[in-house]
Amino acid sequence: MVHYLLGRFGQALAVLALTFTAAFLLLQVLPGDAIMIKFMAPEMALTPEQIADIRAAYGADLPLWERYLSTVGQFLTGNFGYSIQAGVPVSKLLLTNLPSTLLLASLGFTAALILTILLAAASNMTGMGWLRAGLQALPSLFISVPVFWLGIMLIQIFSFQLGLVSVISPGPVEKLVLPVMTLAIPISAPLAQILMRNIDQVLTQPFVAVARAKGASRSWVLWRHVARNALLPTLTIAGVLFGELLAGAVVTEAVFGLSGLGGLTYQAVGNHDTAVLQAIVVISALAFVTINLIVDLLYPVLDPRLGSKVGATA
């Protein structure tokens, strides 16, 4: 088990290191210069010598490898650098904007899991063939809908047509209802497809027929025996989709005018603020790796057979 845990943690650290390096190199070759954008404005009236001093102060005149090592050292100590455009440490911007994005992503992820389970349970417990076919077709519809279009449609229907959710000065809970729905519906689609397919496969196993022959109801067998066996592949995909959830949160925040990493990313891209973008990429990768690591560690708990194999390997 110790070897298993160390291996998983090692893989997580490798993914973070590769993501950090790739993001750093890509951001360095992007066209534009944040220092030139801010300090070359005519109203600043700075001389070339003053701009050169500013570049030296930010370390922009250092060779690429020195900037890389300096950035690595800063990140390892919790220092994400300095935002040129905002004029404040990046950590301050993250502390201001990250909590709202994490809240939105977490609620969207939870809602997606609930919607997935409800769709899978309803499609397998209903006795009407047409209803089962309709429920199983919903994920294909959900997955084909762009996030920005879905958000606009939800606003049109629930706010303007039905008047159920206000978009003008909404309360702290009310303002999250439609964004959470916008995130949850597309994410639930692939999860529901996989869970439904796995349930259908498990229902054909001999132990299910034995349980039914002993008089167990379909719903009892579904929740008691089938669900756990069908859940593992779904958890794997759920971890992978968390990265997509963060990307969807950025778009959703823009559609609904929410403060968070979405607006911060948009401003940083427009201003070529590489320090902010580097931090956002690393934070997103850290969240992605953490969710997948938790899923990996849950595997032996959900399936004792995997725990035995891990223990034997260790």
Side-chain angles (χ1 to χ4, degrees), residues 15 19 97-124 134-158 165 173-200 227 230-258 260-263 265-266 280-281 283-299 302:
V15 170
T19 301
N97 294 276
L98 183 59
S100 58
T101 298
L102 287 180
L103 176 62
L104 178 60
S106 300
L107 291 176
F109 192 64
T110 303
L113 292 178
I114 294 174
L115 182 57
T116 296
I117 295 173
L118 291 177
L119 281 175
S123 67
N124 280 277
L135 290 171
Q136 290 184 335
L138 282 179
S140 298
L141 175 63
F142 291 166
I143 202 172
S144 63
V145 177
V147 173
F148 68 90
W149 183 87
L150 177 61
I152 295 173
M153 288 299 100
L154 290 178
I155 293 175
Q156 179 67 27
I157 295 172
F158 289 97
V165 181
V173 176
E174 189 179 22
K175 71 178 182 180
L176 292 175
V177 173
L178 294 183
V180 168
M181 290 174 60
T182 303
L183 279 180
I185 289 175
I187 295 297
S188 68
L191 295 178
Q193 286 179 327
I194 294 171
L195 184 57
M196 289 177 181
R197 187 180 302 114
N198 291 334
I199 289 176
D200 290 339
L231 189 61
L232 290 178
T234 309
L235 279 178
T236 302
I237 300 301
V240 173
L241 288 176
F242 191 80
E244 183 178 339
L245 184 71
L246 290 175
V250 171
V251 177
T252 302
E253 288 173 351
V255 172
F256 290 92
L258 300 177
L261 291 186
T265 303
Y266 178 80
I280 291 174
V281 170
I283 292 295
S284 301
L286 179 62
F288 177 79
V289 167
T290 301
I291 291 296
N292 281 273
L293 183 60
I294 292 173
V295 170
D296 286 341
L297 297 180
L298 282 176
Y299 265 31
L302 295 174

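This structure is a prediction, so every number in the text was calculated from the model and none was measured.
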*Asks:* Has the side chain of T101 got a donor or acceptor atom that lies under 3.5 Å from a matching backbone atom of L261?
*Replies:* yes
*Asks:* Could you grab the distance from atom CD1 of I280 to atom CD1 of I283, nearest 0.5 Å is fine?
*Replies:* 9.0 Å
*Asks:* Taking atom CE of M196 and atom CD1 of I194, what is their separation to the nearest 0.5 Å?
*Replies:* 12.0 Å
*Asks:* Less than 4.5 Å apart, side chain to side chain, heavy atoms only: is that true for L258 and S100?
*Replies:* no
*Asks:* Under a 4.5 Å cut-off applied to non-hydrogen side-chain atoms, are I152 and Q156 in contact?
*Replies:* no
*Asks:* Give the table of side-chain donor-acceptor pairs shorter than 3.5 Å for residues 102-121, with sequence neighbours excluded, one pair per line with atom names and distance.
*Replies:*
| residue | atom | partner | partner atom | Å |
| --- | --- | --- | --- | --- |
| S106 | OG | L102 | O | 2.7 |
| T110 | OG1 | S106 | O | 2.9 |
| T116 | OG1 | A112 | O | 2.7 |
| T116 | OG1 | S188 | O | 3.4 |

*Asks:* Give, for atom CD1 of I185 and atom CE of M153, the distance between the pair rounded to the nearest 0.5 Å.
*Replies:* 12.5 Å
*Asks:* Hey, mind stepping through F158 and V177 against side-chain contact (heavy atoms from CB on, under 4.5 Å) and telling me if it holds?
*Replies:* CA-CA 10 Å; F158 289 97; V177 173; over 6 Å; no
*Asks:* Considering non-hydrogen atoms only, spot the tightest contact between E253 and G260 and give its length.
*Replies:* OE1-C, 3.4 Å
*Asks:* Can you spot which of V165, T252, L183 makes a side chain to side chain contact (heavy atoms under 4.5 Å, CB included) with L178?
*Replies:* V165
